[in-house]
Structures are given as structure tokens and as C-alpha cells.
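Counting starts at 1 for both ligands and their atoms, in listed order.
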Amino acid sequence: MMKIGVIADDLTGATDIASFLVANGLPTVQMNGVPVEDAPAACEAVVIGLKTRSCPAPDAIALSLSALSWLQEQGCRQIYFKYCSTFDSTAQGNIGPVTRALMTALDTPFTVFSPALPVNGRTVYQGYLFVMDQLLAESGMRHHPLNPMSDSYLPRLVEGQATGRCGVVSAQTLDQGAAATRAALQRLQDEGYSWAVLDALNERHLEIQGEALRDLTLVTGGSGLAIGLARQWARAGASADSAASGYPQPGRAVVLSGSCSEMTNRQVGHYAQLAPAQAVEVALCLKDREAYASELAAWALAQTSELAPIIYATASAQALKEIQAQFGAARASEAVEALFASLAVKLAEGEFRRFIVAGGETAGVVCQQLGITGFHIGPTISPGVPWVKALNQPVSLALKSGNFGDEAFFSRAQQEFPV
Ligand code: ADP
């Protein structure tokens with residue numbers, strides 16, 4: 001029986017929630033885009049990874065509704081709209097409009113927003129979202145290139161994006177347990193609220209959320225709420241089975257890094273001291289991309305080191321600014337994405353079977369170009385970043401969104417999961 005159907009607004013976000021579902025006992029597969037075929041047998045949750053975080057709202061709504069139809073056909077009893085734990089969206093952003101459209105399609109008058117992921121430092125208190133020890137709008141997210149976050153108070157963000165009123169269920173209420181939380185949600189609904197933001201400071205709060213929301217038709221959140229919901233349905237041995245079926249494919253590994261986040265800069269700096277490293281030159285991506293990709297693929301193939309070679313476009317904030325001033329921001333990033341897409345194909349045609357990819361957009365283009373339809377979810381490398389094995393070809397990937405993972409992520413992904 002299909003318990004939960006997830007609509008995720010980007011690829012690495014989809015992998016993130018899928019990893020928490022399996023780690024907490026719910027057999028799960030991930031599909032990239034709205035599938036044409038049925039879900040593989042034996043899974044009890046499906047995550048559909050879309051690319052709807054930053055596109056125009058009408059496009060995000062249309063794609064999300066088409067994902068919803070497919071999930072309903074699969075018999076999912078609960079729908080979960082997954083977005084980033086930093087609530088990435090602008091005032092014109094898509095979280096409110098997509099949520100509203102899903103509520104209308106499901107004919108449900110009320111749902112929740114629960115972005116917290118305490119294990120990665122994302123907590124919500126009295127409706128305010130924190131990133132580690134800073135309010136969201138005072139964290140690095142205020143400089144995000146696509147969705148700069150300038151408000152930390154979630155009810156205001158939600159009410160700015162869609163019509164309706166949004167209340168808060170506080171940490172104090174959650175401390176009183178699932179019944180008190182359910183009662184608070186009912187009160188808000190009776191008073192005419194469409195939504196409630198849920199506080200969460202720790203995993204216990206997520207468990208209480210899961211218990212209180214187990215029968216709600218629609219929930220929305222980051223991947224933390226999935227911990228609580230999956231535990232409601234947990235099946236003994238499911239995590240170990242999944243980790244085994246998604247265990248990384250034997251074969252050579254390569255690291256491709258197209259993220260410029262602070263964490264990725266640290267990870268690349270650390271890894272470049274341990275393994276052969278090649279920096280991508282944006283000018284060459286713009287000049288003759290195919291020839292340049294072939295040259296980089298040949299370089300990777302020629303390396304004989306124990307740790308995988310890394311090819312990275314990762315640049316510091318200052319260097320990125322200069323590149324963008326020279327070539328134009330959109331042109332430069334498109335050129336870099338296109339290079340990684342064509343490089344991934346050339347590497348897969350060679351001996352490479354394990355791809356460690358940093359960057360959400362970068363991971364998206366790599367998977368698209370390799371024609372990967374979906375994943376078995378394997379063992380977790382860092383919270384929210386598992387190894388995944390392609391459903392339709394002999395390739396494994398570790399897809400890391402910019403800010404995830406620790407400094408040694410790239411080497412740990414290999415050394416902790418030997419062939
Ligand atoms: P993150 O998960 O950190 O947001 P993404 O891959 O989603 O990473 O986004 C990073 C964007 O920056 C991509 O479009 C990528 O092509 C672009 N980019 C990466 N390196 C460079 C560079 N050196 N110059 C210009 N753009 C770059």
C-alpha cells in the first residue's frame with residue numbers, strides 16, 4: 001500500500017526527503033519528473049523530483065498537479081509537498097501558490113508548513129525560521145542568487161504568496177504531545193485559518209508532528225516532517241534492505257562540482273589537496289564546449305589515484321562576481337551547466353560508474369543528460385545526502401545540494417562505501 005506520495009520542488013531536495021523516509025523505515029523510490037509508468041512494486045512511498053522552485057508559478061502549479069494525478073493513480077493515501085528547509089521562495093515564489101493549488105485539487109481546506117530539519121540546524125520557533133544560530137533573513141540565505149530570503153517569519157511569507165490566513169502551532173503545544181497538537185490545528189481550522197506553521201526544535205517535535213498529521217490529506221514541509229511521518233509506518237528491516245539495493249555500483253568514481261556555496265568551496269578546497277583536481281575555465285566552456293568536455297574527460301580517465309579525480313567550477317564569491325561581470329551571470333552559469341552535462345555523458349561512456357555531484361542545478365542537468373528516470377535510495381553519506389542507484393542503468397550517484405555535507409564529504413563518500 002502506497003502510504004506517502006511526495007512532490008519535491010527540486011532534484012537534490014527529492015533525494016534529501018527520500019533518504020529520510022528510507023532511513024526511518026519506509027521503503028521509498030525516487031522518480032525524476034512525472035513518470036509515465038507505474039511505481040516499482042514493493043515501495044510504500046514515492047518521491048517525484050521536479051524542477052519547480054524558481055520557475056514561474058503557473059508552470060510550477062501545472063507540473064505539481066500533474067505529479068499529484070500520478071501519485072493519486074498509484075493510490076497514495078497522503079500527499080507531501082516538499083520544499084527546502086530554508087523555505088526558498090520569493091514574494092512571487094511558488095510555495096504558497098503550489099500549496100493552494102494542491103489543496104483545491106484535493107478538496108482540502110487546511111494544511112501545514114513544517115520546514116524544520118533540526119539535524120541540519122534548521123529550526124522553527126514561534127513561526128520564525130532559524131539557520132543554525134541565525135534567523136533565516138540574517139543567514140547566508142539573504143544573499144541567495146535566486147531566492148534571497150529577507151523575512152524569517154513564515155506566516156507572513158506564506159500570506160504574501162497566497163490568499164488565506166496562516167497561524168502557528170508553537171513548540172510549547174508540541175511539547176504537550178500529539179493530541180494537543182491536533183487540537184490546536186483543529187482550533188485554527190475552526191477559526192477560518194487555511195494554514196499552520198509548525199514549530200520544531202528537535203526530533204521529538206518531528207515525531208509528535210508525524211503522529212498528529214498521520215491522517216491529514218496534504219502536508220507540506222522540508223524533509224524533517226518525513227522523519228516523523230515515516231516512523232508512523234516504519235517496517236522492520238526496510239532501511240537495511242534499501243541501503244543494500246541502493247549500495248553504490250562498482251566502478252570508477254569522479255567528482256563533479258558546480259556549486260559555489262560556502263560549504264562546497266570548503267569541500268573542494270579540502271579535497272583538492274587529497275586528489276587530482278582540475279578547475280573548469282568558463283571562457284573555454286563558452287568557446288568549444290564539446291572539445292573542452294572531451295579534454296576534461298580524457299584527463300579524468302588518465303588519473304590513477306586512489307581517490308577519484310575532481311573537476312570543479314566552484315569559485316569563491318569574489319571570483320564568481322568577476323566571472324559574472326566578464327561573461328554575464330546567466331550566460332556563465334548556463335555554459336558551466338552545459339559543460340557538466342556533456343562531460344557526464346562522456347565519463348559514463350568511459351569507465352565511470354560513480355558520480356559525486358555538488359550543486360542542485362548541476363545534479364539536475366547531469367541526471368537529465370544521462371537519461372536517469374529514477375533512483376533506488378542507498379546508504380546515507382551525510383544527513384539528507386544518500387548514495388542513489390539509477391533505476392534504468394548501471395550508474396550510482398551522490399547528489400549534494402550546495403550547503404549540505406561536511407568538509408570531508410567527497411572523500412567520505414568514497415572511503416566509507418568501498419567497492
Ligand atoms: P547550489 O546547490 O550550490 O545552489 P547549483 O548547481 O544549484 O548549486 O547552482 C550553481 C550555479 O552556479 C549553476 O548554474 C552553475 O553552473 C553555476 N556556476 C558554477 N560555477 C560557476 C562559475 N565558476 N562561474 C559561473 N557560474 C558558475
One pair per line, please: each N/O atom of ligand 1 matched with every protein N/O atom under 3.5 Å away, atom names first, then the distance to 0.1 Å.
residue	atom	partner	partner atom	Å
ligand 1	2 (O)	Gly360	N	2.9
ligand 1	2 (O)	Gly402	N	2.9
ligand 1	3 (O)	Ser259	OG	2.7
ligand 1	6 (O)	Glu361	N	3.3
ligand 1	6 (O)	Thr362	N	3.1
ligand 1	6 (O)	Thr362	OG1	2.7
ligand 1	7 (O)	Gly360	N	3.2
ligand 1	7 (O)	Glu361	N	2.7
ligand 1	14 (O)	Glu337	OE2	2.5
ligand 1	16 (O)	Ser333	O	3.1
ligand 1	20 (N)	Ala313	O	3.2
ligand 1	23 (N)	Ala313	O	2.8

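Using a 3.5 Å distance cut-off with no hydrogens or angles, the side chains of Glu138 and Ser152 do not pair a donor with an acceptor. Counted by atom type alone, Thr264 and Ser259 present one or more donor-acceptor pairs between their side chains at under 3.5 Å. No hydrogens or angles considered: nothing links the side chains of Glu322 and Gln326 as a donor-acceptor pair under 3.5 Å. A donor and an acceptor atom, one from each side chain of Gln232 and Lys3, are nowhere located under 3.5 Å apart. When only modelled atom types and interatomic distance are considered, Asp38 and Gln74 share a side-chain donor-acceptor pair under 3.5 Å.
Applying the ring pair (Phe, Tyr, Trp, His ring centres under 6.0 Å) test to pairs two or more places apart or on separate chains, those with a residue in residues 53-86 are Phe81-Tyr83, Tyr83-Phe87.
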